[in-house]
**Q** 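Starting off with a structure, shown below.
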Amino acid sequence: MPELPEVETTRRGIAPHLTGQPVVRVIIRQRRLRWPISDELEQVLSGQTIHAVERRAKYLLLRTDRGSVLLHLGMSGSLRILPCATPLRKHDHVDLELGSGYCLRFNDPRRFGCLLWTTDPPERHPLLCDLGPEPLESEFTATHLYTLARGRRVSVKPYLMDSHVVAGVGNIYANEALFMAGIHPARAAGRISLARYGTLADAVREVLTQAINEGGTTLRDFVGGTGEPGYFRQYLRVYERNRLPCRTCGEPIQLRPLGQRATYYCPRCQH
DNA sequence: CAACGGACCTGCCTGC
DNA sequence: TGCAGGCAGGTCCGTT
């Protein structure tokens, strides 16, 4: 499910219910996520008050006075705010029960997500400290993309999805941004001009902003913190449109693997 | 170093 | 109807 717009949608959905709330109880039904949930999480988090819910890349950060929860939704995770007594569904692995009587419930069928506790500033955590800039902040520029690409022969699509280059651009939005910028996904990253990287950076910003405004993209099962699906799917220009006509020129959209990921593009519009 | 494949999981869809 | 195989929104890690 979740790329940056889906994580941001989740953050916006859950933040008002978490901010200022004490965690009164932590219930863990399945510790085996991508990394096992540490044994002391229940102890250390119980009684703490969440004073901010932030996002870095696709990680959500729940800040307390004694440390932060670092939460990733992986491929299939979702978070919802529910009354504590809400019956469980399959794969409801963790509840954070709040002073309000509601809980934050983490569901993740594939268990590629993670839930980590850190007492260091999260930005110094090994998982976060080497990430590239946020795509919706000012450090994400044409010059940044162009400079980092010098000498790189990797295709631009996996380059754009490299979290060290820019944080949080996943498969859907990499496909969409390259289409919007008219850049062929297999073009070598090091053979794209500064001007075209400017177009690409604009396209990344535009597609992520649009998707956030629509509550993200629901392909199968994504829901934001309020339980609503995302509505951006209807605006997808190439993703999941294999052999359907290009919305610009009518040419059939092509699908091919690139760096082990499904890559959709228009062979006429993208060069 | 850069680039690639494998690993971690379940669910859903297709085709035999 | 059942079952095998392939594929899925992520990303770390080990090997070339």
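In what follows, chains are A, B, ... by sequence order, proteins preceding strands, each numbered from 1. Computed from heavy atoms alone, side chains included, the values below leave out hydrogens, waters and symmetry copies.
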**Q** In whole Å, what is the span from the CE atom of A/Met75 to the C1' atom of C/dT11?
**A** 10 Å
**Q** Given atom CG of A/Leu258 and atom P of C/dA8, what is their separation to the nearest angstrom?
**A** 13 Å
**Q** On a whole-Å scale, what distance lies between the P atoms belonging to C/dT11 and B/dC1?
**A** 23 Å
**Q** Within this structure, what is the OH-to-P distance between A/Tyr159 and B/dC1, rounded to whole angstrom?
**A** 16 Å
**Q** Any idea which of B/dA3, C/dA8, C/dC12 is nearest the A/Tyr239 side chain?
**A** C/dA8
**Q** Closest-nucleotide mapping onto DNA chain B: is A/Gly151 or A/Arg32 further toward the 5' terminus? I mean the 5' end.
**A** A/Gly151
**Q** Name the closest nucleotide to the A/Arg110 side chain, picking from C/dG10, B/dT10, C/dC12.
**A** B/dT10
**Q** NA contact type, A/Arg152, heavy-atom cut-off 4.0 Å: base, sugar-phosphate, or nothing?
**A** sugar-phosphate
**Q** OP1 or OP2 of B/dT10 less than 4.0 angstrom from a side-chain nitrogen or oxygen of A/His91, does that happen here?
**A** no
**Q** Within this structure, what is the NE2-to-C1' distance between A/His164 and C/dT11, rounded to whole angstrom?
**A** 9 Å
**Q** Give none if B/dC9 has no partner; otherwise give the nucleotide forming a Watson-Crick or G-U wobble pair with it, both distances under 3.5 Å.
**A** none
**Q** Grab the CD-P distance between A/Glu6 and C/dG10 for me, whole Å please.
**A** 9 Å
**Q** Out of C/dG10, B/dA3, C/dC12, which nucleotide sits closest to the side chain of A/Val154?
**A** B/dA3
**Q** Taking transitive links into account, so neighbours of neighbours count too, which hydrophobic residues share a cluster with A/Leu128 at under 4.5 Å side-chain distance?
**A** A/Trp35, A/Tyr59, A/Leu61, A/Leu70, A/Leu116, A/Leu127, A/Leu131
**Q** Of all the choices, C/dA8, B/dC8, B/dA3, which nucleotide is nearest to the side chain of A/Phe112 once you look at every atom?
**A** B/dC8
**Q** Going by atom types only, do A/Gln210 and A/Glu214 share a side-chain donor-acceptor pair under 3.5 Å?
**A** no
**Q** With the side chain counted from C-beta on, respond yes when A/Ile81 and A/Thr226 share a heavy-atom pair under 4.5 Å apart, and no when they do not.
**A** no
**Q** Any base atoms under 4.0 Å from A/Tyr59, or only sugar-phosphate, or nothing? Heavy atoms, all strands.
**A** sugar-phosphate
**Q** Have a look at A/Tyr173 and say if it touches a base, only the backbone sugar-phosphate, or nothing, with a 4.0 Å heavy-atom cut-off.
**A** nothing
**Q** B/dC12 C1' sits how many Å from A/Glu240 CD, rounded?
**A** 13 Å
**Q** Tell me the interatomic distance from A/Leu60, atom CG, to C/dG10, atom P, rounded to whole angstroms.
**A** 15 Å
**Q** Contact class for A/Leu127 (heavy atom, under 4.0 Å): base, sugar-phosphate, or nothing?
**A** sugar-phosphate
**Q** Scan A/Arg261 against the nucleic acid and name what it touches under 4.0 Å (heavy atoms): base, sugar-phosphate only, or nothing.
**A** base
**Q** To the nearest Å, how far apart are A/Gln30 CD and B/dC8 P?
**A** 15 Å
**Q** So do A/Glu176 and A/Val238 actually touch side chain to side chain, heavy atoms under 4.5 Å?
**A** yes
**Q** Between B/dC9 and C/dC3, how far apart are the P atoms? Round to whole Å, please.
**A** 24 Å
**Q** Would you say A/Gln260 reaches B/dG5's phosphate, i.e. side-chain N/O to OP1/OP2 under 4.0 Å?
**A** yes
**Q** When the ring planes of A/His93 and A/His91 are compared, do they come out parallel, tilted or perpendicular, using 30° and 60° as the limits?
**A** perpendicular
**Q** Looking only at side-chain N and O atoms, does A/Lys90 come under 4.0 Å of OP1 or OP2 in B/dT10?
**A** no
**Q** Name the closest nucleotide to the A/Arg220 side chain, picking from B/dT10, C/dG10, C/dA8.
**A** C/dA8
**Q** Do A/Arg34 and C/dT11 have a side chain to base donor-acceptor pair shorter than 3.5 Å?
**A** yes
**Q** Can a side-chain donor-acceptor contact be found between A/Ser193 and A/Tyr146 if the only test is distance below 3.5 angstrom?
**A** no
